[in-house]
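Residue numbering restarts at 1 for every chain, and letters A, B, ... go by the order of the sequence lines.
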Amino acid sequence: MSIATLPTRRDEAWRYADMDALARLGAGALDQWKEIALAPGEVRRHAMVVGSDSPELHRIRLTIGEGARAELFVTNAGGDYTRVEVEVRLARGAHFEFGGVTIGGAGVTREFVTQVVHGEPEATSNQTVRAVHWAGATGNFLGEIKVARHGQKSDAAQDFKGLLLEAVASANAVPQLEIFADDVKCAHGATVGALDEAARFYMMARGVDPATAQRLLVQAFIGDAFVALEDEGERERLLDAALAALEGARL
Amino acid sequence: MLTITNLHAQVGETPILKGLSLHVAAGEVHAIMGPNGAGKSTLANVLGGKPGYEVTGGSVEFGGEDLLALEPHERAAKGLFLGFQYPVEIPGVSNVQFLREALNAQREARGEEPLSGGEFLKLAKDKAGLLKMDMEMLKRQVNVGFSGGEKKRAEMVQMGILDPAFAVLDETDSGLDIDALRIVGAGINAIMRAKENGGPDKAVLLITHYQRLLDVVKPDKVSILAGGRIVETGGPELALRLEAEGYDAVTA
């Protein structure tokens, strides 16, 4: 039996969510947390493509032991509301690496919501999210970083860039930093823009057709999110899934 | 090869080209010189089909076709190459990937087989050598971190790889030091003029401010563009007179 009730948009973490799609999914989905714990010194990497024709909610709780390293890379190309939530607890000297891409049109909302808690000293985290949208779609990145009083020498970075292929699409970035230690580094950046028309014309002037020019530019744009993914096969799988979603996008 | 008749063009609400007519025959290198603001770059951009440049009158015929009816990439596939005054940086895309996509897109549009990766790399290495450019630079991102001179040299490597029938080179000599100027000039000669490379069937429209590039790439004709029109056309001696006397004296 579900103990959860549906959140509302007044909840900060659900501010840009698609509430109708969430209702279709039902409150039961909120209980479905995937709990993963990394032992001290362990290194684990996971790459995944999420999204289908129905709403999807992926909730992950990561506990990363002392000196351990967790890497998560996601292509979020859902055909309906698709939300990936990650809660991370970092022990001393642990690292969390996240690379995410939301891509798509069709009026759909796709989002990443992360909460990274630096509760012990010397832990590091790096998050890179790219959003490419068109046709009334929305891409969101809500990233919360909490550095507790004991989290001295924490180093946390968050980088978001949105690319809107037409005006009737949107991207929301909500970085939230809560810092209670005095010797920490926290960096975050967020930009949203359109396709570089000068670059597109340059490519066309060399004979590249408009669709290929767009694909090359989008590929370069989202590539940042998977730079840290060292497994070349997995990197290509995630990139290909993202670029496949681009087929049929407005030029 | 290229015939421009009474061309009028504007950028925004401002008319720039005001009845420009020009004919460039196959086998010809035709230099365009003119004071700042005369419309030289506008002419290049209109020929390339850059968005924002609106043609309000006149016609451009290229190899028997209406050039202005074609999209920029279709113009390239027909053999037109536009050398940029300010080559664009494209982070995240390598020169090799970009040029291979470009060349194979052109070949496909002409009904030719695409080049394999190996064939393409051999061609690229060959043309980079012509311009004395390190192959390593071609593996880097398009124009990212290149100096002004390197960008212009890379433009010529691109031209060598794409092997166009007609090149419009917009101030390719700006930003080049003396050695680089010689290399680029020799590159233009090798790619566009050499008989064994089909030179007699090719042509170049060379937009420049200075005589020094013309010392290397000896033009067959020189035209002066002023106030949005061609005001005078002559032989190479016209460029020398401009260099000696200035635009005001020559066009007066």
Please report the closest heavy-atom contact between [X] and [Y], naming both atoms and the distance.
X        : Y        : value
B:Val93  : A:Ala220 : CG2-CB, 3.8 Å
B:Glu101 : A:Thr212 : OE1-CG2, 3.4 Å
A:Gly207 : B:Ala105 : O-CB, 3.3 Å

Region of [X] that comes under 4.5 Å of a non-hydrogen atom in chain A:
X        : result
B:Glu108 : neither
B:Pro164 : neither
B:Asn143 : side chain
B:Gln97  : side chain
B:Leu82  : both

* Asked: Given the rule in the side chain to side chain contact (heavy atoms under 4.5 Å, CB included) test, do B:Ile90 and A:Met203 qualify, once you have shown the distances and angles that lead to the verdict?
  -> CA-CA 9 Å; B:Ile90 312 178; A:Met203 289 183 156; 3.8 Å; yes

* In terms of heavy-atom pairs under 4.5 Å with chain A, which of B:Pro87, B:Ala102, B:Gly48 leads? ->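 Option with the top pair count is B:Ala102.
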
* When heavy-atom pairs shorter than 4.5 Å are enumerated against chain A, which of B:Pro72, B:Ala76, B:Ala77 gives the highest number? ->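 The answer is B:Pro72.
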
Can you confirm whether more than 12 heavy atoms, excluding those of [X], are under 6.0 Å from its [atom1] atom?
X        : atom1 : answer
A:Lys153 : NZ    : no
B:Asp66  : CG    : yes
B:Lys40  : NZ    : yes
B:Phe120 : CZ    : yes

* When you measure from the side chain of A:Arg206 to the backbone N and O of B:Phe81, does any donor-acceptor pair fall under 3.5 Å? ->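 No; zero donor-acceptor contacts below 3.5 Å.
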
* **Separation of B:Glu89 CD from A:Tyr202 OH (nearest 0.5 Å)** =>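 Rounded to the nearest 0.5 Å, the OH-CD separation comes out at 10.0 Å.
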
* Mind checking the CD-CE spacing from B:Glu74 to A:Met204? Nearest 0.5 Å is all I need. =>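 Rounded to the nearest 0.5 Å, the CD-CE separation comes to 8.0 Å.
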
* Asked: Is the shortest distance from a Lys or Arg side-chain nitrogen in B:Lys50 or A:Glu197 to a carboxylate oxygen in the other one below 4.0 Å?
  ->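 Result for this pair is no, no salt bridge flagged.
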
* Asked: Mind checking whether A:Phe201 and B:Phe84 have parallel, tilted or perpendicular rings, split at 30° and 60°?
  ->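 Correct class here is tilted.
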
